Amino acid sequence: MDESRKSGTNQLKPHNHPAQLTRMSLNDNKAGMQGLDKEKINKIIMDNTVGSRFYKNEQKREQQVNARIQKMKEKLNSFTSNQIMTAKQHAEEILSEVENQRDLSRTIIHIDMDAFYAAVEERDRPELKQKPMAVGGMDMLSTSNYVARKYGVRAAMPGFIAKKLCPNLIIVPTNFDKYREVSKETQEIFSEYDENFCGMSLDEAFLDITDHLQKRLIYDQQKKWLSIKFYKHGLFASAGIAPNTMLAKIGSDLNKPNGQTFFAPNRDEIMKFIKDFPVRKVNGIGKVTEQLLSSLGVQKCGDIYEMRAELMLLFSATSCSFFFRMCLGCSSNILEPDGERKSISTERTFSTISNRDELFAKLDELCHSLAADMKKQNVQGKTLTLKTKNVDFQLHTRSKTINVPMTNYQTIFPVAQELLKQEILNANNKLSLRLMGKYQ
DNA sequence: GGGATACAACTCG
DNA sequence: TTCCACGAGTTGTATCCC
Ligand SMILES: Cc1cn([C@H]2C[C@H](O)[C@@H](COP(=O)(O)OP(=O)(O)OP(=O)(O)O)O2)c(=O)[nH]c1=O
Ligand SMILES: [Mg+2]
């Protein structure tokens, strides 16, 4: 039940796209996206976005970020020179502590498959290799091959917009089981080099090859060898080799696809590189933090040092120590074995439901699905969280912790039902529902 | 003051 | 024709209860 499509406001809203929405436009800091017509692509994206409920929500969030920035600037102006001075001293202490801890003795590789899901699909349908192709659905794409990227089509872009950018785009449905299979194959190879390798997702992993290197030189071989191994499938990977995980991760992206980067264990070279490296490309700095930092004039990692006092006063200790390590090119070089999972969840988006009974029927489905997943993974939970999203894309969560752990549908559903009842009372507007169960 | 608990916001792939 | 996913993790803040 979602009217409001007053077609009176006519379609020809000419190019008055509000002062560039930073949240919205094409993100080209991604492999395979250089030298394309960004203007044109952004126009198509905007033309298919402006006015939608999704867009309105994005605008709202943008406003919130701007408010945060405003507040930050006010705070900044209120600092006395004395405060700045002591903050600078404190920052220096932390920085020199980081510098003292710098350890260039390990060699870490980050390996990242190229266009992973798409590459697997191309393996099974080689005729797709020359064609623009993406994996996902009309609502959302998980990734695209490099041919499609030339059109501006990329991961996390809705399929229907991608189709506007590239009418010939072929969209292949997602096939997780296949990707899991291939992932297993690659991980077997990784374990030959480092049995304690750390798989970050289906398509990427960190390896500490320090010990392996003592036995055998594989700097160059690593890549060739991966290429050969995967050649039969036509799959390729990129790699970054460095003294720590942050640099290794940066490196694997620098020469994508089918490329690699080597950072020598040399302080000066690392500092020289990191100085001009954009903060946004560092893992952990997303769209929002980028904007917050940018409003302080911090765009490159080197800028962090210049603003160390202000950052100390404006951000949490956790954030600051992260920033400071960043600007010195330092990060962990220890690969933690991944422990127990912390949560398990299932969520679904569907066309708007406002009928109460239908809502509960949907909830029932989700509980069954969650219970099945929990059984398969052999886990139980003590906290259940219901997550909802309404037609305006507003998110809401409501959770309940209970003494006796939940293990199956019978124990989950009653709790979920309570949460949904409350949620319906709370927001008597129609909601498009999703459920998410967690366990902690 | 120090754990739980609840919830929003952010990030990643 | 369609009109922005889904699963997992972290951090920050508020609140309550020893
Ligand atoms: C970024 C992203 C990736 N994925 C999936 C699909 C990707 O193939 C897989 C790995 O992510 P990525 O490594 O980020 O992307 P990619 O491997 O497709 O392309 P490349 O590394 O060459 O730039 O994760 C999503 O489902 N949603 C996302 O938003
Ligand atoms: Mg990849």
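Order of the sequence lines sets the chain letters (A, B, ...), proteins ahead of strands, with each chain counted from 1. Just so it is clear, the model here is predicted, and its values are computed rather than measured.
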Sugar-phosphate only, base, or nothing, as touched by [X] at under 4.0 Å among non-hydrogen atoms:
| X | value |
| --- | --- |
| A:K163 | nothing |
| A:V282 | sugar-phosphate |
| A:T143 | nothing |
| A:K382 | sugar-phosphate |

Return the 5'-most residue of the pair A:R68, A:S201 with respect to DNA chain B, ranking by each residue's nearest nucleotide.
A:R68
Assign each of A:D203 and A:R61 to its nearest nucleotide of DNA chain B by heavy atoms, then name whichever residue's nucleotide is nearer the 5' end.
A:R61
Using atom types as modelled and distance alone, determine if a side-chain donor or acceptor of [X] lies under 3.5 Å from a backbone N or O of [Y].
| X | Y | value |
| --- | --- | --- |
| A:D194 | A:I209 | no |
| A:S369 | A:E365 | no |
| A:T49 | A:I45 | yes |

Taking only residues two or more places apart in sequence or in another chain, which ones pass side chain to side chain contact (heavy atoms under 4.5 Å, CB included) with A:N48?
A:I44, A:I161, A:K164
Is A:K249 salt-bridged to A:E204, cutoff N-O under 4.0 Å?
yes
First contact, last contact: which nucleotides of DNA chain B are these for chain A, 5' to 3', heavy-atom distance under 4.0 Å?
B:dT5 to B:dG13
Taking side chain as C-beta onward, heavy atoms only, is A:D112 less than 4.5 Å from A:K256?
yes
What string of B, S and - do you get for nucleotides 10-18 of chain C, 5' to 3', if B is base contact, S is sugar-phosphate-only contact and - is no contact with any protein heavy atom under 4.0 Å?
S-S------
Cation-pi check, A:K300 onto A:F277 ring (under 6.0 Å, within 45° of axis):
no
Measure from NZ or CZ of A:R149 to the centre of the six-membered ring of A:Y146, then state whether that distance is under 6.0 Å and the direction lies within 45° of the axis.
yes
Enumerate the protein-to-nucleotides 4-7 of chain C contacts in which both atoms are nitrogen or oxygen and the separation is below 3.5 Å.
residue: C:dC4; atom: O4'; partner: A:D139; partner atom: O; Å: 3.3
residue: C:dC4; atom: N4; partner: A:T49; partner atom: OG1; Å: 3.0
residue: C:dA5; atom: OP2; partner: A:K389; partner atom: NZ; Å: 3.4
residue: C:dC6; atom: OP1; partner: A:T349; partner atom: N; Å: 3.3
residue: C:dC6; atom: OP2; partner: A:T349; partner atom: N; Å: 3.0
residue: C:dC6; atom: OP2; partner: A:T349; partner atom: OG1; Å: 2.5
residue: C:dG7; atom: OP2; partner: A:E347; partner atom: N; Å: 2.5
residue: C:dG7; atom: OP2; partner: A:E347; partner atom: O; Å: 3.4

Taking the same atom, C1', in B:dC12 and in C:dA5, what whole-Å distance lies between them?
14 Å
Parallel, tilted or perpendicular, judged at 30° and 60°: which one describes the rings of A:F197 and A:F190?
perpendicular
Could I get the full list of ring-ring contact (aromatic ring centres under 6.0 Å, His included) partners for A:F323, not counting sequence neighbours?
A:F315
Who are the salt bridge (charged side-chain N to carboxylate O under 4.0 Å, His left out) partners of A:D103, not counting sequence neighbours?
none
